[in-house]
Protein chains: 2
Amino acid sequence: MATDFASGLARAATLTQDRLTREFAAMSDLPVVQAMAYAVKGGKGLRGFLVLESAALHGVVAARATAPAAAIEALHAYSLVHDDLPCMDDDDLRRGQPTVHRKWDEATAVLAGDALQTLAFQLCAAPEVGNAEVRIALVAALAKAAGADGMVLGQALDIAAETAAEPLTLEQITALQAGKTGALIAWSAEAGAILAGADPAPMRRYAAALGLAFQIADDILDVEGDAEAVGKALRKDAEAGKATFVSLLGLDAAKARASALIDEACVALEPFGAKADSLRDAARFVISRRN
Amino acid sequence: MATDFASGLARAATLTQDRLTREFAAMSDLPVVQAMAYAVKGGKGLRGFLVLESAALHGVVAARATAPAAAIEALHAYSLVHDDLPCMDDDDLRRGQPTVHRKWDEATAVLAGDALQTLAFQLCAAPEVGNAEVRIALVAALAKAAGADGMVLGQALDIAAETAAEPLTLEQITALQAGKTGALIAWSAEAGAILAGADPAPMRRYAAALGLAFQIADDILDVEGDAEAVGKALRKDAEAGKATFVSLLGLDAAKARASALIDEACVALEPFGAKADSLRDAARFVISRRN
C-alpha cells in the first residue's frame with residue numbers, strides 16, 4: 001500500500017512536472033523563467049497528487065486534471081519562493097538546494113514568484129481543463145484560497161505573531177495554519193469535485209482534517225526531523241520562541257492529535273468506499289513523512 | 001473635451017475605488033489589507049478607465065465592467081508595489097506618498113502585492129461580470145498579459161538591461177515596454193470587446209499604439225517633468241545610464257513619435273465613429289499629462 005502510494009505520488013509528480021516544463025519551454029530563456037522552473041522542482045508534489053487523485057475519484061480523466069495539478073504546484077512554489085526571501089523567513093535552503101534568491105538574486109525571486117502565481121491562474125484557465133463553468137469555478141476557488149482571505153491571510157498572521165506581545169493560542173495557530181497551509185490543500189482536494197461538477201463537501205471535510213494534520217506533522221518534523229533529510233533549516237520556530245502545535249500541546253499530544261485528524265480525514269472519505277484508498281494513504285503519509 | 005475627459009476619468013476612478021473598497025472591507029483589518037487599500041489609491045486610474053470606456057463602446061453596462069476595471073487597477077498596483085521594493089527600483093515615493101515598504105515594511109509589501117494580484121483574478125471571476133465564457137476569457141487574457149510572456153517579461157528584460165554590456169537598442173526597448181507597460185494597457189482596452197464577445201482586433205491596434213506612446217511620454221516626463229507633480233523620483237534612468245526612448249531618439253523626435261502614435265491610435269478607432277471620442281481623448285491625454 002505504501003509502495004502504491006509512493007509510485008502514485010511519483011506518477012503525479014511526473015505528469016505535473018511535464019506539464020510545467022511545457023509551459024516554461026514556450027517562454028523566454030531569461031533568468032526569471034529558469035528560476036520559475038527551478039522553483040517547481042524537487043517538491044513532494046503532494047498538492048498536485050491530491051488534484052489528480054481527487055479527479056480520478058470523481059471520474060475525471062488525468063488529461064483534464066493535469067493542468068490544475070500543475071497550477072497548484074506553481075502556486076505553492078510561488079509561496080515558497082516569496083516565503084524564503086530575506087524580508088520574510090530568510091532561508092538559504094529549500095528542498096536541499098539553494099533558495100531562488102540565493103541562487104539568483106532577490107529581484108529574480110520576487111519576479112519568479114509573481115509569474116508563478118500568474119501561471120497558476122493561466123493553467124486553471126487552459127481549454128483542456130473543461131468547459132468555461134468548470135474553469136471559472138476553479139479560478140474563483142483558487143483566488144479565494146490564495147489571497148488575503150486564505151494563504152496570504154495565514155502568512156500575514158504569521159508575521160504579526162512574530163511581533164506580538166504574547167505567543168499565539170492554540171485557536172490562533174489553528175486559524176493561521178488553516179490559511180497558510182490548509183487553504184491550498186483544501187483547493188487541491190476539492191478540485192476533482194469542481195472538475196466533475198460534484199458536491200465538494202466530503203472532500204472539504206477530508207481536506208480540513210488533512211491540512212491541519214499536515215501542519216502539526218510539520219511542527220513535529222521541525223523538532224524531531226533531520227535537516228538534511230528535510231532539506232531546509234529546522235528548529236527555527238523554537239529558536240524564535242514562536243508558538244507551534246508542539247510547543248502548545250507537547251510532543252506526545254501533538255502526535256495523538258495528528259493521528260486523530262488522519263482518522264477523521266479517512267472517515268470523511270467513507271462515501272467513496274475503497275476507491276478513495278489512495279487518498280487515505282496520502283493522509284497517513286502526511287504524518288509519517290520524514291521530509 | 002479635455003474637461004469631459006477629466007470628469008470621465010474621475011468617474012471611472014470612483015467606480016473602481018468603490019468596488020475595491022468593498023473587497024477590502026470584507027477582509028481582515030491586518031496591515032497587509034491596509035497596505036493593499038493604500039496601494040490602489042491615488043493613481044490616475046487610466047487602466048480602469050480604459051476598461052469602462054471600452055465596455056461602453058461595445059454596449060456593455062458599467063455594472064458588468066466595474067469588477068474588471070477594479071481588477072486591472074489591483075494588478076497594476078501590485079506591479080508598482082513590487083517594482084518599488086529595495087531589491088527592484090528601491091523607490092521611497094509613489095504618487096507623492098511613501099511606498100508601501102517604506103510605510104510598512106518589505107514583508108508587508110511583498111504580501112500586499114501578492115494578494116493584489118490574486119484579487120485581480122478574483123474580480124475577473126466575479127459572477128456580476130457575465131457568463132462563464134466571458135469571465136474565463138478575461139482571466140486567460142489577464143494571465144497572458146501579466147505573466148512571464150507579458151508584464152513580468154518586460155520587468156525581467158528591464159533588470160537584464162541594467163547589467164548588460166551595451167545599452168538597449170530601440171527595438172529592444174520597444175519589446176521591453178510592450179511587456180512592461182503595453183500588455184496591461186492592451187488588456188484594459190480589449191476588455192470591453194471580450195465582455196461583449198466582439199472582435200478585439202481594433203482595440204488591440206488602438207492599445208498597441210497607445211501603450212507605446214504612454215511609455216515614450218513617461219520617458220519624456222522623466223526628463224522634463226517636475227518630481228513634485230509626478231509624485232516619484234525622476235531622472236533615475238539618465239543617472240543610471242539606461243537607454244530610454246529619449247536617449248535613443250532625442251527629445252524632439254521622441255515627442256514627434258509619441259504624437260504620431262496617438263494619431264495611429266485614433267485611426268484604429270475609426271470603425272467606432274464619434275462614439276470612441278473619449279478613447280481618443282484618453283490617447284491625447286497620455287502624451288500631454290504632467291504626472
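Residue numbering restarts at 1 for every chain, and letters A, B, ... go by the order of the sequence lines.
- Residue B:L85 touches chain A through its side chain alone, counting heavy-atom pairs closer than 4.5 Å.
- For B:R64, the CZ atom sits in a packed shell: over 12 heavy atoms of surrounding residues, nucleotides or ligands are nearer than 6.0 Å.
- In plain terms, the two heavy atoms of B:C87 and A:E106 that are nearest each other are CB-CB, 3.5 Å.
- B:D114 touches chain A through backbone and side chain together, each having a heavy atom under 4.5 Å away.
- The nearest pair of heavy atoms linking A:M88 to B:A107 is SD-CB, 3.7 Å.
- Of the listed residues A:M27, A:E23, A:H101, A:M36, the one with more heavy-atom pairs under 4.5 angstrom with chain B than any other is A:M27.
- For A:R95, the CZ atom sits in a packed shell: over 12 heavy atoms of surrounding residues, nucleotides or ligands are nearer than 6.0 Å.
- The choice from A:E133, A:Q155, A:Q117 that makes the most heavy-atom pairs within less than 4.5 Å of chain B is A:Q117.
- For chain B, the nearby parts of A:L111 are the backbone and the side chain; heavy atoms of each come within less than 4.5 Å.
- The greatest number of non-hydrogen atom pairs below 4.5 Å with chain B, out of A:T118, A:D149, A:V152, is found for A:T118.
- The aromatic rings of A:H82 and B:H82 sit perpendicular, their planes meeting at an angle over 60°, well past the 30° parallel limit.
- Proximity to chain A (any heavy atom under 4.5 Å) is restricted, for B:Y78, to the side chain, taken from C-beta onward.
- Within 6.0 Å of CD in B:E166 there are 12 or fewer heavy atoms belonging to other residues, nucleotides or ligands.
- Contacts of A:M151 with chain B are absent, with no heavy-atom separation under 4.5 Å from either backbone or side chain.
- Chosen from B:G150, B:A137, B:A132, the residue pairing most often with chain A at heavy-atom distances under 4.5 Å is B:A132.
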